[in-house]
Every structure is written in C-alpha cells, then in structure tokens.
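Numbered from 1 within each chain, the chains take letters A, B, ... in sequence-line order.
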2 protein chains.
Amino acid sequence: MTTLSEENYLKAIYHLEKQGNDAVSTNAIAEQIETKASSVTDMVKKLAEKELANYIKYQGVSLTERGRLTAMSVIRKHRLWETFLVNKLNFSWDEVHEIAEQLEHIKSEKLIDKLDDFLDNPTHDPHGDPIPDKHGNYTKIKSKSILDISIGSQGVLISVKDSSKAFLKYLNKNELALGDTVKIVDFEPFDESLTIETKSKTMTISKNVAENLYLSV
Amino acid sequence: MTTLSEENYLKAIYHLEKQGNDAVSTNAIAEQIETKASSVTDMVKKLAEKELANYIKYQGVSLTERGRLTAMSVIRKHRLWETFLVNKLNFSWDEVHEIAEQLEHIKSEKLIDKLDDFLDNPTHDPHGDPIPDKHGNYTKIKSKSILDISIGSQGVLISVKDSSKAFLKYLNKNELALGDTVKIVDFEPFDESLTIETKSKTMTISKNVAENLYLSV
DNA sequence: ATTAAAATTTAGATAAGACTAAAAATATAT
DNA sequence: ATATATTTTTAGTCTTATCTAAATTTTAAT
Ligand SMILES: [Mn+2]
Ligand SMILES: [Mn+2]
Ligand SMILES: [Mn+2]
Ligand SMILES: [Mn+2]
C-alpha cells in the first residue's frame, strides 16, 4: 500500500519522465513537489526499496513498471474526480485541481470504477488531458500547440498544457474554452504574438499563451 | 486547521458524549478509536491546547463549542458522502462507511456545499442518521427502538443504531430496509425475542436485533 | 482505613516525512 | 588540468502520531 506522500512523488516522477527523456534528477523532483532535495533523496530510496523506482546514487530516478502503473492509477483518479467536480458539481475548470489533489488519494478500487461509470467513462478531463483506464492505458487526441500551426489554418481547442488557475482564468476572461474552433490569422515577428479568430471574436495572444493552447490536427 | 487524526478524535468524543452523560473517559475514547489510552492522553492535551476540548487530568474530556462544531462538520461530510455513494454511485448501505471515513477529511467548504445541493439537501443518510446543516443544526426524526414499542403497534423503520457491515448485511438478507412498515406481533419472554410483520413476511428477531431497529412514533 | 484493582498519565522509543547544514560527487569554466 | 560551481547525498534535528512499560491517581473492596 502506497502512502499519500509516495503517491505524490510517483506522480511527479511520472510527469517529469514524460517531458525530459533520461533519468529524472533529484532537483527536478524537489522543484515539482515544492520540497527540498534532501527530502527527495530520502523518499527516492524508499521508492527504490519498494521496487516502485530505479535509483542509482547521483544518477537520477526512473519508475519501474509497478511505479508507473501506480502513478497512472493516481492520475486516473485525479482526472476522474476533476471531471466529476466540473460535470456534476458545476465547478469551474480553474477550481478543481486543488480538490482533486486531495481526492486522488482516496483508496477504493470500487469507488473509482463506479465513479467512472457514473461519469459515463470519460476519456478526457476538463483540461483536455486523457484519463487512463483501469489498466493504465489511454489515448491522447492528436494535437499541436498553436505555435506550431501555420497561418491560415484552424482547429478545435483540445487541451491546455498549463492548467494553472491563472491561465485558466485568463481563458475564461477571454471566452476561450475547450471545443472552440480557433483559426490562426496572423503572426507578429516582433514579439511573436498571434492573432486568432473564434466564432465570437478576433483577438491577439502572446507567445506564452499560444504555446499552452493545443489544437486538433 | 485540524488534522485527520484530530478530526477522528473529535468525532469519537462527540459520539461518546451523546451516549453517556458526564465527561468522556480516556479508555472509552481509546476503545472507540482502537488505539492505546496513552495515545489518547497525548491527543486530548493537544485538543485542549487548541481549545477544541476541555480536559482536566484524570477527570475526562468534553468538547468546547468549537470542538463540537468541528465534529459536526466532519459528521456532516461523512453522512453526505455516504448519501452520495448510495444514491448516486449505487453502493449498498453496508459498503459506504469505510469509504466515507476517508472522504470526510477532504478539505473544501465549497465542495461539501455543492455536494449537498447535488444531493438535493438530504436530511438523513442511508442509515437514517440526521445530516447536520452547515451550521451544525439538524433534526432527528422522533423514533423508538423496537424493544420499547408495545405489542400490536406498528411504525416505519427510520434508522439503525448499529451500522456495522455485519448488521446491515443481516438486514439485507432478511429484506428489511429503511422505510419499511413494521408491526410488532409477539414477544417471547424466554429469550426476549420478537415476532414482527412486514408487507412481505413475518419473522422472528432477537433482542439484539430489535434494540438496533428504530421505528417512527 | 487499608489494600487491591482499574484507569490514567508520564517517560522513553519508534516511524514517517520534512528540514538545515555540512560533506561528497559531478559538471562547468577557464 | 585545475579550480569553481552546481547537484546530490549524508548526518543530525524536528514534528506528528503512535506504542510499551513504569509511575501515579482514582475507584472499589475488604
Ligand atoms: Mn489537475
Ligand atoms: Mn486536469
Ligand atoms: Mn458511517
Ligand atoms: Mn451513516
């Protein structure tokens, strides 16, 4: 049985492994989890002890198959609970992450299976992130950052890379939501900003915003 | 902010105060929480420190108003989650207690208010226990143990005193559910058993069972 | 009123998880 | 190649929540 803290480390390592290619560094984990490197070293030893991670001193960490599956299970719970909060309890998509951080640690297979059914087996959470099935499998909708899409073309807003409250609130304010069709109208080389067009309006977005918006391709 | 462990102690003290009249003893709490008396002494000091409980060495514990309100809030969450599990996720009433023991510690006012609305502001949980409102107020339906009801009279099964899995499964097996109309037909002095009658059948129940069934009066 | 039993508290240990400061290893820059 | 900077680990401390064993207080019984 994994503890709440172990689960948070596994999740962090999983997310870091998915970005960078090689073994995950102690400092990277520390930053992600907002803890100190020395605490990470301790925990990583414990995860290796439990065969949830591979760890060689000074050489970083990677998840074992068991570790990866455990991480996926926590991520599955997180995303199902977020979906519940938005779809059933009418939370806004910028309010659910913190609550899901708590709910993801509730231990009951049956609960999460029933929740999954209750939500009609959703494949993606409110931020467009894929929800793994109970075996840890998922399919991410093919998408590209707006930055990498050529001027004149268009697509449907599939997911956001940054799901921070600040970014989501920005999107709310500017009436951008998942499912919207977005057309890239213009690119300004000076500040790398983009002009985009939706059903309701035309607007300019910064590079910073653009790289966090993913369109179907 | 109260910890999970503190919340469990507050709940235990609350329930014990409601039965017995005077101050709650260290041993009683220890038994309820399945821990050692010495652990209880430690925690009770901490609760007193936080002004959640009144505590005088060797003389037992009682909740302060703040302690009582905190306990009520945890109980409110517990019962709302149980209601969610049964009414929305189709759990059976004997399966929900353990899961609610975890869910009751999730910290979010907004979550529990929205859950309350989602469930249509239920007044009683799946075991017939009253659900306090957000101010800690509730109204228990007037009821009496079957043991204290005279032969020949009848009432509606309102709540069960014992909500252990074993007892609830016994009731499932014998097709007794909340809302059923029950008539007391006979009393056998020898073993203090009772014969009762429901729409579907007539059956004999032990004293032990009878004292845990509460009928409207 | 003593004495025995039961309940409660204290003292000291342990385990998980986190932190600080110092030591050791690795990476970078000249 | 050597010195410097950065990263990582170790050693030791702290907090929360437990536990066991011993000491103390209260209660019950003679
Ligand atoms: Mn999230
Ligand atoms: Mn999400
Ligand atoms: Mn319960
Ligand atoms: Mn209940």
N/O contacts under 3.5 Å, protein versus nucleotides 25-28 of chain C?
| from | atom 1 | to | atom 2 | distance (Å) |
| --- | --- | --- | --- | --- |
| dA25(C) | O4' | Tyr58(A) | OH | 3.3 |

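- Nucleic acid contact for Ser5(A): sugar-phosphate only, since backbone atoms but no base atoms lie under 4.0 Å from a heavy atom of the residue.
- With ring centers used as reference points, Phe84(A) lies under 6.0 Å from Phe84(B).
- Mapping Tyr9(A) and Tyr55(B) onto DNA chain C via the closest heavy atom, the residue that lands nearer the 5' end is Tyr55(B).
- Of the residues Asp125(B), Asp129(B), Asp133(B), Asp116(B), the one that meets the salt bridge (Lys or Arg N to Asp or Glu O under 4.0 Å) test with Arg76(B) is Asp116(B).
- The cationic group of Lys161(A) does not satisfy the cation-pi geometry with Tyr214(A), failing either the under 6.0 Å distance to the six-membered ring centre or the 45° limit from the ring axis.
- Taking atom CD of residue Glu6(A) and atom C1' of nucleotide dA18(C), one finds them 14 Å apart after rounding to whole Å.
- With rounding to whole Å, Ile56(A) atom CD1 is found 22 Å from dA24(C) atom P.
- The closest side-chain donor-acceptor pair between His78(A) and His97(A) falls under 3.5 angstrom.
- Taking side-chain N and O atoms only, Asn27(A) has a distance below 4.0 Å to OP1 or OP2 of dT8(D).
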>> Under the criterion side chain to side chain contact (heavy atoms under 4.5 Å, CB included), I'd like the reasoning laid out for Ile75(A) against Tyr138(A): C-alpha separation, chi angles, the key distance, then a yes or no.
In response: CA-CA 11 Å; Ile75(A) 289 167; Tyr138(A) 64 89; over 6 Å; no
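- Checked against side-chain hydrogen bond (donor to acceptor under 3.5 Å, both in side chains), Lys107(B) has the following partners two or more places apart in sequence or in another chain: Glu7(B).
- At the phosphate of dA16(C), neither OP1 nor OP2 sits under 4.0 Å from any side-chain N or O atom of Thr3(A).
- Checking the phosphate oxygens (OP1, OP2) of dT9(C), no side-chain nitrogen or oxygen of Lys45(B) falls inside 4.0 Å.
- At dC19(C), one or more side-chain N or O atoms of Thr35(A) fall inside 4.0 Å of OP1 or OP2 (strictly under the cut-off).
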For nucleotides 20-22 of chain C, print each protein N/O atom paired with a nucleotide N/O atom at under 3.5 Å, atom names and distance only.
| from | atom 1 | to | atom 2 | distance (Å) |
| --- | --- | --- | --- | --- |
| dT20(C) | OP2 | Lys36(A) | NZ | 3.1 |
| dT20(C) | O4 | Ser38(A) | OG | 3.1 |

